[in-house]
Amino acid sequence: MRFPFPLYYSPSSLFSNFSSSPYSFFSSLPLIFASSHFSPFRSISLPVSMAPAFEQVPVPQEGETATPHDTNTGNNVGNDGQAGFKSRITVVGSGNWGSVAAKLIASNTLKLNSFHDEVRMWVFEETLPSGEKLTDVINRTNENAKYLPGIKLGKNVIADPDLDNAVKDANMLVFVTPHQFMEGICKRLVGKVSGDVEAISLIKGMEVKMEGPCMISTLISEQLGINCSVLMGANIANEIAVEKFSEATVGYRDNREIAEQWVQLFSTPYFMVTPVQDVEGVELCGTLKNVVAIAAGFVDGLDMGNNTKAAIMRIGLREMRAFSKLLFSSVRDSTFFESCGVADVITTCLGGRNRKVAEAFAKNGGKRSFDELEAEMLQGQKLQGVSTAREVYEVLSHRGWLELFPLFATVHEICIGHLPPSAIVEYSEKKPRLSLLEDSARYH
């Protein structure tokens, strides 16, 4: 089986034996790129046995109908173990990314025999300037006029403002809302979702509680008593909406079959999804990259140049990895080379709403608040980086780790006005204790 590099190459197996040092994968890059096998200008033959956990699942092409074999569910055996079972999908959330997710999923449920055609999408009801309800407009025009105008979602997408009704018959739930709303949503769904339902979170962020940080996938699992995977990656929603090629990473725990179901549900010829058995690593990448993007926005707002921005991205990736390993020693180094890792850092620091609003914040010398800029610039969408920076800072402060993560700490202090935006390149005066960073895998 031949795959053209880089589109079908997963680096996980290449980096799986690296040491746990936060610097090991950076120091090894010259050797990697010197290898004749690491050429982007040639196709390479990879034996399937080399990395079976990362083999791509076939994607139905336009006009094709998937066979039971295509679903990888053992002749269409679903969650209830019955042959011919068809999964019902509900997307919980209808913002920019939620609408794009519904579009991706809806295009595949029409092709795959293991899914019901209809995709329900829960919509937080709003009244548009025209006086119409957002849900009515979506169902009438097949477009989300507020958050994704001009893009057809698929005629099989049904908007529903009633959360209980939207999830009632679903056995696969896709959560994609701002992370600060998830605890309330989960509380509303307690007792409404059966234990055999599978969930996936596309949400970047975490909850900070007295007992420590709680990832959104964990919150969903604990509150609703269901398994929850995650999907993260270099995914600027508007680019995927117009079908520009992109990648994503599904993080799963134990059930490879469920991971492949999620891969098939999201995969299209322009959206390639790879499964990785590392929920916490994938989810933390998606969460922490928004803090790095805020820092990159400060750099852009102050016209500091590309060299400075590259340095911020490198240091940010290093702190992402160290923080993740401190919280969860099971996090894999190789995860940071997936779409959810370095690729997402790059795209979020070059584009995306967090970078954009942070740039405006810096240009205004920090005199206009993020809340004000968000309301003015994002038309109802929510920033994640500012709230995530606060949550990360709380964890660092509580555990005595502030000096280990000067970039993360400085981003938060700039966001709340304790430091000027120019401090983003002055953080290095706080010398991190590198010996502790190097031993981060030992910390919990």
Side-chain angles (χ1 to χ4, degrees), residues 79-80 87-93 97-98 101 120 122 124 163-164 166-232 249-259 261-262 265 275-288 290 323-332 335 340 382 384 387-388 390-396 398-399 443-444:
N79 291 4
D80 64 353
S87 295
R88 291 183 180 271
I89 315 301
T90 293
V91 179
V92 180
W97 185 212
R120 294 229 156 228
W122 174 66
F124 180 79
L163 180 60
D164 292 355
V167 306
K168 182 173 60 176
D169 297 318
N171 59 301
M172 296 184 79
L173 298 177
V174 179
F175 290 94
V176 53
T177 69
H179 79 275
Q180 52 266 42
F181 301 142
M182 271 310 298
E183 188 160 19
I185 289 172
C186 285
K187 286 179 179 177
R188 291 174 60 184
L189 290 178
V190 170
K192 311 287 178 58
V193 176
S194 63
D196 62 347
V197 167
E198 288 290 333
I200 193 165
S201 171
L202 280 61
I203 299 166
K204 283 86 172 175
M206 60 184 177
E207 294 283 331
V208 177
K209 302 177 180 295
M210 290 298 294
E211 59 271 24
C214 176
M215 305 310 300
I216 298 300
S217 64
T218 303
L219 178 73
I220 293 168
S221 292
E222 291 181 349
Q223 296 250 350
L224 303 182
I226 59 179
N227 182 54
C228 186
S229 305
V230 297
L231 183 145
M232 306 285 161
T249 310
V250 163
Y252 70 99
R253 295 198 184 281
D254 303 310
N255 192 329
R256 170 72 183 186
E257 185 175 300
I258 293 299
Q261 281 189 297
W262 289 121
L265 191 60
V276 174
Q277 194 172 7
D278 184 6
V279 170
E280 285 79 15
V282 172
E283 190 168 10
L284 277 164
C285 281
T287 296
L288 297 172
N290 284 326
F323 184 81
S324 300
K325 298 283 278 187
L326 281 168
L327 289 183
F328 301 100
S329 60
S330 62
V331 168
R332 300 179 176 184
T335 298
C340 63
K382 295 294 182 183
Q384 299 298 306
S387 56
T388 301
R390 182 187 67 249
E391 291 156 354
V392 169
Y393 191 91
E394 290 175 10
V395 174
L396 298 180
H398 178 72
R399 301 199 178 191
Y443 284 75
H444 301 275

- Below 4.5 Å, heavy atoms only, C-beta onward: do R256 and Q277 meet side chain to side chain? no

- Interatomic spacing from CZ in R188 to CG in D164 - rounded to 0.5 Å: 6.5 Å

- Task: Return the minimal non-hydrogen interatomic distance between T90 and A166, and the atom names on each side.
- Result: OG1-O, 2.6 Å

- Message: The test is side-chain contact (heavy atoms from CB on, under 4.5 Å); show your working for M232 and T249 and say whether it passes.
- Response: CA-CA 5 Å; M232 306 285 161; T249 310; 5.6 Å; no

- Message: Give me the atom names and distance for the closest heavy-atom approach of I258 to N255.
- Response: N-OD1, 3.1 Å

- Nearest 0.5 Å, what's the CD-CD1 distance between E183 and I220? 12.0 Å

- Query: What closest approach, in Å, do P213 and M206 show between heavy atoms, and which atom pair accounts for it?
  - Reply: CB-SD, 4.1 Å

- Message: Show the nearest heavy-atom pair for residues D278 and S330, with the distance to one decimal.
- Response: OD1-O, 4.4 Å

- Taking all atoms of both residues into account, what is the closest heavy-atom pair of H179 and K204, and its distance? ND1-O, 3.4 Å

- Message: Quick check: do T177 and M182 have side-chain heavy atoms less than 4.5 Å from each other?
- Response: yes

- Query: Under a 4.5 Å cut-off applied to non-hydrogen side-chain atoms, are V230 and Y252 in contact?
  - Reply: no

- Under 4.5 Å between any side-chain heavy atoms of F328 and L284, yes or no? yes

- Item | Between CG on residue L163 and CD1 on residue I185, distance to nearest 0.5 Å | 6.5 Å

- Query: How would you list, by chain and number, every residue that makes a side chain to side chain contact (heavy atoms under 4.5 Å, CB included) with S221, sequence neighbours excluded?
  - Reply: C228

- Query: Taking the side chain as C-beta and beyond, is there a heavy-atom pair between V167 and R120 under 4.5 Å?
  - Reply: no

- Query: So, K325 side chain and V331 main chain: donor-acceptor pair closer than 3.5 Å or not?
  - Reply: yes

- In sequence, state the C-alpha distance, the side-chain angles, and the governing distance for R399 and V395, and then conclude on side-chain contact (heavy atoms from CB on, under 4.5 Å). CA-CA 6 Å; R399 301 199 178 191; V395 174; 4.3 Å; yes

- Task: Look up atom CH2 in W262 and atom CD in E198, then write down how far apart they are to the nearest 0.5 Å.
- Result: 7.0 Å

- Task: Report yes if some heavy atom in the side chain of E207 is under 4.5 Å from a heavy atom in the side chain of M215; otherwise report no.
- Result: no

- Only one of V92, L219, I216, L231 passes side-chain contact (heavy atoms from CB on, under 4.5 Å) with I203, and that residue is I216

- Please determine, by modelled atom types, if T388 and N290 share a side-chain donor-acceptor pair under 3.5 angstrom. no

- Check against side-chain contact (heavy atoms from CB on, under 4.5 Å), V193 and L173: CA-CA 10 Å; V193 176; L173 298 177; 4.1 Å; yes

- R253: side chain to side chain contact (heavy atoms under 4.5 Å, CB included) partners, not counting sequence neighbours: S217, T218, N227, V279, E280

- Query: Does the side chain of V250 reach to within under 4.5 Å of the side chain of V276, using non-hydrogen atoms?
  - Reply: no

- Query: What pair of heavy atoms forms the shortest contact from C340 to C285, and how long is it?
  - Reply: O-CB, 3.0 Å

- Item | Ionic contact status for D169 with R88, cut-off 4.0 Å | no

- Message: Could you go through F323 and L288, starting from their C-alpha distance and side-chain angles, then the distance that decides it, and tell me whether this counts as side-chain contact (heavy atoms from CB on, under 4.5 Å)?
- Response: CA-CA 9 Å; F323 184 81; L288 297 172; 3.6 Å; yes

